[in-house]
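Written below as structure tokens is the structure these notes are about.
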Amino acid sequence: MTAKIAYDEVEVGTELPAQSFPVTRATLVRYAGASGDFNPIHWNEKFAKEVGLPDVIAHGMFTMAEAIRVVTDWTGDPAAVIEYGVRFTKPVVVPDDGQGAVVEVSAKVAAKLDDRRVRVDLLAMSAGQKVLGMSRAVVQLG
């Protein structure tokens, strides 16, 4: 598969379609089972609060994975992502209230690079706070 987006059709500043990703306690339990990360800060409210967190928090790698979906959905090909990195700035707090949390992700083309590649900068927010910093992907376009 190759990216559906052509290099010549994008410019610096091109905005990717933003997305919102709901996160519930059930989501975290499923992710823990799939990843093998059963750290109690991701499922045990009492433990999370004892170690100084406001509540249970989402796994950092889960948050990172949800954010890059904006890019992979845009390109139509997950293999088009050549590089991806973030800094974890704030946790995604997931209350046990039947609604959980929402991670809102927007992205834009920040630079056109050589070899039909672009750098995409992402912004991931939850509860009004930036949860990923320096979130950037290098993407190979068609």
Do you know the tightest heavy-atom contact between [X] and [Y]?
X: Pro22; Y: Thr27; value: O-OG1, 4.4 Å
X: Ser20; Y: Glu104; value: OG-CG, 3.7 Å
X: Asp55; Y: Pro95; value: OD2-CA, 3.6 Å
X: Val81; Y: Ala137; value: CG1-CB, 4.5 Å
X: Leu141; Y: Thr75; value: CD2-CG2, 4.4 Å
X: Val70; Y: Ala107; value: CG1-CB, 4.0 Å

Pairs involving residues 65-120, ordered by first then second residue, that meet ring pair (Phe, Tyr, Trp, His ring centres under 6.0 Å) (sequence neighbours left out): none
Strictly by salt bridge (Lys or Arg N to Asp or Glu O under 4.0 Å), give each pair with a member in residues 33-44 just once, sequence neighbours left out.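 Passing the test, one end in residues 33-44: no pairs.
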Okay, side chain of [X], backbone of [Y]: is any donor-acceptor separation there less than 3.5 Å?
X: Asn39; Y: His42; result: no
X: Thr14; Y: Val109; result: no
X: Ser135; Y: Leu132; result: no
X: Trp43; Y: Leu28; result: no
X: Thr89; Y: Lys130; result: yes
X: Ser126; Y: Val102; result: yes

Residues, nucleotides or ligands: over 12 heavy atoms within 6.0 Å of Glu50 CD: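 Result for CD/Glu50: enclosed.
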Kindly write out the residues that satisfy salt bridge (charged side-chain N to carboxylate O under 4.0 Å, His left out) with Lys112, not counting sequence neighbours, or none if the list is empty.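 Residues passing salt bridge (charged side-chain N to carboxylate O under 4.0 Å, His left out) with Lys112: none at all.
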Residues two or more places apart in sequence or in another chain: which of them pass salt bridge (charged side-chain N to carboxylate O under 4.0 Å, His left out) with Arg117?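 Salt bridge (charged side-chain N to carboxylate O under 4.0 Å, His left out) check on Arg117 returns nothing, list empty.
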Quick one, [X] and [Y] - any side-chain contact, counting heavy atoms below 4.5 Å?
X: Val118; Y: Val138; result: no
X: Val139; Y: Val71; result: yes
X: Asp77; Y: Thr72; result: no
X: Asp73; Y: Gln19; result: yes

Candidate pair Leu122 and Val105, rule side chain to side chain contact (heavy atoms under 4.5 Å, CB included), full reasoning: CA-CA 7 Å; Leu122 296 93; Val105 183; 4.1 Å; yes
About how many Å separate NZ of Lys108 and CD of Glu15, when rounded to the nearest 0.5 Å? 7.0 Å
Mind checking whether [X] and [Y] sit in one hydrophobic cluster, side chains of I, L, V, M, F, W, Y counted as touching below 4.5 Å?
X: Met64; Y: Val93; answer: no
X: Val29; Y: Val23; answer: no
X: Tyr7; Y: Ile82; answer: no
X: Val86; Y: Leu123; answer: no

Is Glu45 salt-bridged to Arg25, going by a charged N under 4.0 Å from an acidic O? yes
Quick one: do Thr63 and Val131 satisfy side chain to side chain contact (heavy atoms under 4.5 Å, CB included)? Show the steps, please. CA-CA 8 Å; Thr63 305; Val131 295; 4.1 Å; yes
Run the ring pair (Phe, Tyr, Trp, His ring centres under 6.0 Å) test against Tyr31 and tell me which residues pass, sequence neighbours left out.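 With neighbours one apart ignored, the set is His59, Phe62.
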Which residues, ordered by chain and number, are linked to Met134 in its hydrophobic cluster, where ILVMFWY side chains connect at heavy-atom gaps below 4.5 Å, directly or through other members?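 ILVMFWY cluster around Met134 holds nothing else.
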Would you sort out whether Ile57 and Val92 count as a side chain to side chain contact (heavy atoms under 4.5 Å, CB included), showing the intermediate values? CA-CA 5 Å; Ile57 63 170; Val92 175; 6.0 Å; no
